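Predicted, not measured: the structure shown is a model, and the values here were computed from it. In what follows, every chain begins at residue 1, and chains take the letters A, B, ... in the order their sequences are listed.
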There are 2 protein chains.
Amino acid sequence: MPDTQDLDPRKAAILEAVVSEYIGTAQPVGSHHVARAAGINVSSATIRSEMVSLEREGYLTQPHTSAGRIPTDKGYRFFVDQLSEPGVLGPAQRQKVSRFFDQVHGEMEEMLERTSGLLSELTSYASMVLSPGHDSAAVRSVQMVGLGSRVAILVVVLADGAVEKRSIELGEEVPDEVLVAASSRLQAVAHSHPLGAVSAGGASGDPRVDRVVALAQSALSELASEAHDHDRVFVGGPSRLADAFDAVDTVRAVLATLEQQLVVVSLLRDVLERGLSVAIGTEHGYEPLSSCAVVVAPVSVDGQSAGAVGLLGPTRMNYPQALAAARVVGEHLSHRLGTPVDPGGPERAVSEVRPRRRANGSR
Amino acid sequence: MPDTQDLDPRKAAILEAVVSEYIGTAQPVGSHHVARAAGINVSSATIRSEMVSLEREGYLTQPHTSAGRIPTDKGYRFFVDQLSEPGVLGPAQRQKVSRFFDQVHGEMEEMLERTSGLLSELTSYASMVLSPGHDSAAVRSVQMVGLGSRVAILVVVLADGAVEKRSIELGEEVPDEVLVAASSRLQAVAHSHPLGAVSAGGASGDPRVDRVVALAQSALSELASEAHDHDRVFVGGPSRLADAFDAVDTVRAVLATLEQQLVVVSLLRDVLERGLSVAIGTEHGYEPLSSCAVVVAPVSVDGQSAGAVGLLGPTRMNYPQALAAARVVGEHLSHRLGTPVDPGGPERAVSEVRPRRRANGSR
DNA sequence: TCTTGGCACTCGATTCTACCGAGTGCCAAC
DNA sequence: GTTGGCACTCGGTAGAATCGAGTGCCAAGA
């Protein structure tokens, strides 16, 4: 893409003005408005001719002749790429985030769900929080608990504090002692290995135990693969989408898409994998979301990718603010997950959790 | 309410015709349409005068002079109360339900989430599934697993297959042996008691163990109270609401309400407690949902209430169908939960799950 | 050559009017 | 009590007039 950066400064300024104005007002922007914008000292006629050129180059479009201009996806893209400083949250919002992460407690799932609420509240957009995959976390404990006559439940605790469970049809009556024996065998082979890499291990003396262990192992590997491909995702504030679009059809289509967890997960993954932090309109390739933009920020623990947070809004969303919010929340969340596990208890929580150096200029 | 049942048969027939027609078309219904309806053999003029009377009595209303009539909440209420047979699902839908419950597997949460999807797909309305409270289920296993240095996670398995977990800040370094000892102490005091009724139990020899046990016990009672008051609720197909209303504001308000789990839970609870299966308009007392109707069906296991399923749609929803769907799904779910725990595995599952006697005339 | 003010023109949005028709309320006759 | 007839209401639609924000073009000026 040769022309992404080589707009002359004036054109860039005009484009930026159009985008900002349109983001703010949702109304097509006319040359007069641009002329009035700070930092632009040419007449509206000049601006008009520049706009013609910007339109020819695909950055702007007109809803109809004799209306102002609207940015195209390409226009937004330029605007986003060229954002100099990453945008800053207001002090009130920043404080809200800090306070949230100081006080939040409870289980991981609950925390992530709350985080998605925070994010959507901060920005007024719908938010998405992709829970970290557990495939790399080591197993801390494996246990089988009998339930009723021929069913047991397998409970696995991972080093990151996640608890995975799965019920197992035993096929025949199995006494508790056997389950206990099986549990300790499993514990021996699985402990401190990651979920996906639990090796078979030799046979014990008791065939009943071996049989149960085998069942459990296949359940474990199922768990591993599930944990890997369909991570949970928490969607916050979908109702905000109803504010963003006035066509009720659009709202419906977008909401319906958000309801499909798989789609949301892969959307976030795709965008992350392409190393983007913003995907605008058709860039992400999900057709029903073509009037939306997605902003993502990675969450990482010990340098390893561990999920993501994201925002979904109209293409005319407030990118600087959304980017700032996603990044700040992503960083806080990374820190939080970096701590071995959340300190429970509803009392005022420990305050050393506050991040020491906020990596702000990290681009 | 003296006049709820004492409409003369013709008025009742007219009211019913208006409601049905309006449910189908969403258009105000005029006297001519009613006259054409089956089972009514009087002229439109007669119907007009009856309608005037129905309007005076509060069953119908006019959006404006010279338009047809629309049912009021009271009108819908009459219609619902007077429904003779509870409405039947089409064979295709019925089969869909059976097949769903034959094939569904996996964990409880996942199953409930899927159930809510099923329900909203069957009816095209938003659905709600209230997960059964665990407060009465007996504890099957309690275990503490150390994570990092000073944090442990408490994992409780209940007889109904639910797994509850909570992280515990230990305050100081605790060696694994102590956790193991504490786990077995806990297991001894908690096993086969319901979560809420775990008694203290005497002291052991080791003060470190006692301390950990005490921490765990307070976590247990927290768990019990949480499990009691904020049960999880699964909302399915909220995007359907965008079809039901054309005012985008209404959609937003309703969606926003649905996002608040607590509200949804208490909505369902309230309606159930009042012994209703339908709450129309303002009957449920949740102002933002005043243009909605709620249909609920209880889920019970062994005669004990164990959650509920519900539907949320516009007041002009298809009550017979919604009631039928909610009831059928509620019954299937009750059966399913009655089975000790779901038989895992994607193979064709047991088929005795099919309900034997469908309590049809249960009013 | 670039910029600018001027000007004619476009076209969506708004307002007004006319009109249609579904629906009502009333009434006299059955 | 029921019915057909009739005058009337009033939202919705269609067309005409108007408004105004905004454009494209052009000739004059820097």
Enquirer: OP1 or OP2 of C:dT4 sitting under 4.0 Å from any side-chain N/O of A:Ser43?
Expert: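 The answer is yes; a side-chain N or O of A:Ser43 sits under 4.0 Å from OP1 or OP2.
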Enquirer: Give me the atom names and distance for the closest heavy-atom approach of A:Met51 to A:Leu60.
Expert: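 The answer is CG-CD1, 4.2 Å.
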Enquirer: Taking for each residue the nucleotide of DNA chain D with the nearest heavy atom, is it A:His33 or B:Ser44 whose nucleotide lies nearer the 5' end?
Expert: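 In this pair, the answer is B:Ser44.
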Enquirer: Whether B:Asp270 and B:Arg274 form a salt bridge (side-chain N of Lys/Arg under 4.0 Å from carboxylate O of Asp/Glu) is what I want to check.
Expert: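 So B:Arg274 does not pair with B:Asp270 through a salt bridge.
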Enquirer: Is A:Gln82 close to A:Leu7 at the side-chain level, that is, under 4.5 Å between some pair of heavy atoms?
Expert: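 SC-SC contact between A:Leu7 and A:Gln82 ruled out.
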Enquirer: Measure the distance from NZ on A:Lys11 to P on C:dT3 and round it to the nearest whole Å.
Expert: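 The answer, rounded to whole Å, is 11 Å.
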Enquirer: Taking only nitrogen or oxygen atoms into account, show me every contact under 3.5 Å that the protein makes with nucleotides 14-18 of chain C, one pair per line with its distance.
Expert:
none

Enquirer: Could you check if a side-chain atom of B:Glu121 sits within less than 4.5 angstrom of a side-chain atom of B:Arg240, using non-hydrogen atoms only?
Expert: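 B:Glu121 vs B:Arg240: side chains touch.
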Enquirer: What is the separation between atom NE2 on B:His64 and atom P on C:dG21, rounded to the nearest whole Å?
Expert: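 After rounding, the reported distance stands at 16 Å.
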Enquirer: For A:Ala67, report the nucleic acid contact type (base, sugar-phosphate, nothing); a contact means any heavy atom under 4.0 Å.
Expert: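 Contact class for A:Ala67: sugar-phosphate only.
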Enquirer: Closest-nucleotide mapping onto DNA chain D: is B:Thr65 or B:Glu50 further toward the 5' terminus? I mean the 5' end.
Expert: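 Closest to the 5' end, via its nearest nucleotide, is B:Glu50.
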Enquirer: Evaluate the ring planes of B:Phe78 and B:Tyr59, with Trp represented by its six-membered ring, and classify them as parallel (under 30°), tilted (30 to 60°) or perpendicular (over 60°).
Expert: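 Geometry flag for B:Tyr59 against B:Phe78: perpendicular rings.
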Enquirer: For a salt bridge (charged side-chain N to carboxylate O under 4.0 Å, His left out) check, start with the C-alpha distance between A:Asp73 and A:Arg77, then their side-chain angles and the critical distance, and finish with the verdict.
Expert: CA-CA 6 Å; A:Asp73 289 355; A:Arg77 166 51 61 197; over 6 Å; no
Enquirer: Checking B:Glu57 against B:Ser53: is there a side-chain donor and acceptor pair closer than 3.5 Å?
Expert: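 Per modelled atom types, B:Ser53 and B:Glu57 side chains form a pair under 3.5 Å.
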Enquirer: Let me know which of B:Thr257, B:Thr250, B:Leu255 forms a side chain to side chain contact (heavy atoms under 4.5 Å, CB included) with B:Pro288.
Expert: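 Among B:Thr257, B:Thr250, B:Leu255, the one meeting side chain to side chain contact (heavy atoms under 4.5 Å, CB included) with B:Pro288 is B:Thr257.
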Enquirer: Taking only N and O in the side chain of A:Ser66, is any of them less than 4.0 Å away from OP1 or OP2 of C:dG12?
Expert: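 For C:dG12, neither OP1 nor OP2 has a side-chain N or O of A:Ser66 closer than 4.0 Å.
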Enquirer: Residues from residues 22-30 of chain B sitting under 4.0 Å of DNA chain C, heavy atoms only?
Expert: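 Within residues 22-30 of chain B, the residues near DNA chain C are B:Gly30.
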Enquirer: Rounded at 0.5 Å granularity, tell me how far CG in A:Leu268 sits from NE2 in A:His284.
Expert: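 A:Leu268 atom CG to A:His284 atom NE2 measures 11.0 Å (nearest 0.5 Å).
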Enquirer: For the CZ atom of B:Arg69 and the OH atom of B:Tyr22, what is their distance to the nearest 0.5 Å?
Expert: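 Here the interatomic distance stands at 14.0 Å.
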Enquirer: Sort out for me which residue in B:Leu241, B:Leu312, B:Leu119, B:Asn318 forms a side chain to side chain contact (heavy atoms under 4.5 Å, CB included) with B:Tyr125.
Expert: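 Looking at B:Leu241, B:Leu312, B:Leu119, B:Asn318, the match for B:Tyr125 under the side chain to side chain contact (heavy atoms under 4.5 Å, CB included) is B:Asn318.
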Enquirer: Mind checking B:Ser49 for me? I need base, sugar-phosphate or nothing, with any heavy atom below 4.0 Å counting as a touch.
Expert: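 B:Ser49: no heavy atom of the nucleic acid under 4.0 Å.
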Enquirer: Using the heavy-atom set of chain B and a strict 4.0 Å cut-off, write down the first and last nucleotide of DNA chain D that makes it in, 5' to 3'.
Expert: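 First-to-last contact on DNA chain D, by the 4.0 Å heavy-atom rule, is D:dT2 to D:dG11.
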